[in-house]
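A short worksheet on the structure shown next.
Heavy atoms only: backbone and side chains are in, while hydrogens, waters and symmetry mates are out. Numbers here are sequence positions counted from 1.
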Amino acid sequence: MEPHIQNFIRQALSTHSSPEIISGRLHLEFGISVSKNTLYRYILQERQAGGELYQQLPHRGKRYRYNGLC
């Protein structure tokens with residue numbers, strides 16, 4: 001990923017935007033198509049390398065609960 005795209009993702013995550021929102025904004029502002037799953041993989045790789053980018057996610061990397069089930 002290009003550095004200016006990485007900076008955009010980091011800035012968007014700092015405002016607790018979800019990867020779904022970031023994916024749409026990347027398409028509108030830069031004309032590139034990046035899936036939400038690709039963004040989640042990028043965040044996971046960064047976390048495994050010792051980074052703290054995952055803590056900027058709206059739920060801080062925790063699973064969502066649907067209907068009270070885990």
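Here Leu57 contributes atom CG and Ile22 contributes atom CD1; the two are 8.0 Å apart, rounded to the nearest 0.5 Å. Note that the CD atom of Gln45 and the OH atom of Tyr54 stand 16.0 Å from one another [nearest 0.5 Å]. The line from CZ of Arg10 to OH of Tyr42 is 4.0 Å long, rounded to the nearest 0.5 Å. Atom CZ of Arg25 and atom CD of Glu20 lie 14.0 Å apart (nearest 0.5 Å). Note that CD of Gln56 and OG1 of Thr15 are 9.0 Å apart. Values are rounded to the nearest 0.5 Å. Taking OG of Ser17 as the start and CD1 of Ile9 as the end, the distance is 11.5 Å to the nearest 0.5 Å.
Connection of Leu53 to Ile5 is established within a shared hydrophobic cluster, with ILVMFWY side chains joined at heavy-atom distances below 4.5 Å, either directly or through further cluster members. Hydrophobic clustering of Ile, Leu, Val, Met, Phe, Trp and Tyr side chains at less than 4.5 Å, counting indirect connections, keeps Ile21 apart from Phe30.
Within a 6.0 Å sphere centred on CD of Glu29, other residues, nucleotides and ligands contribute more than 12 heavy atoms. Residue Gln6 qualifies as enclosed at atom CD: its count of foreign heavy atoms under 6.0 Å is above 12.
Side-chain atoms of Ile43 and Leu13, non-hydrogen and from C-beta on, do get closer than 4.5 Å to each other.
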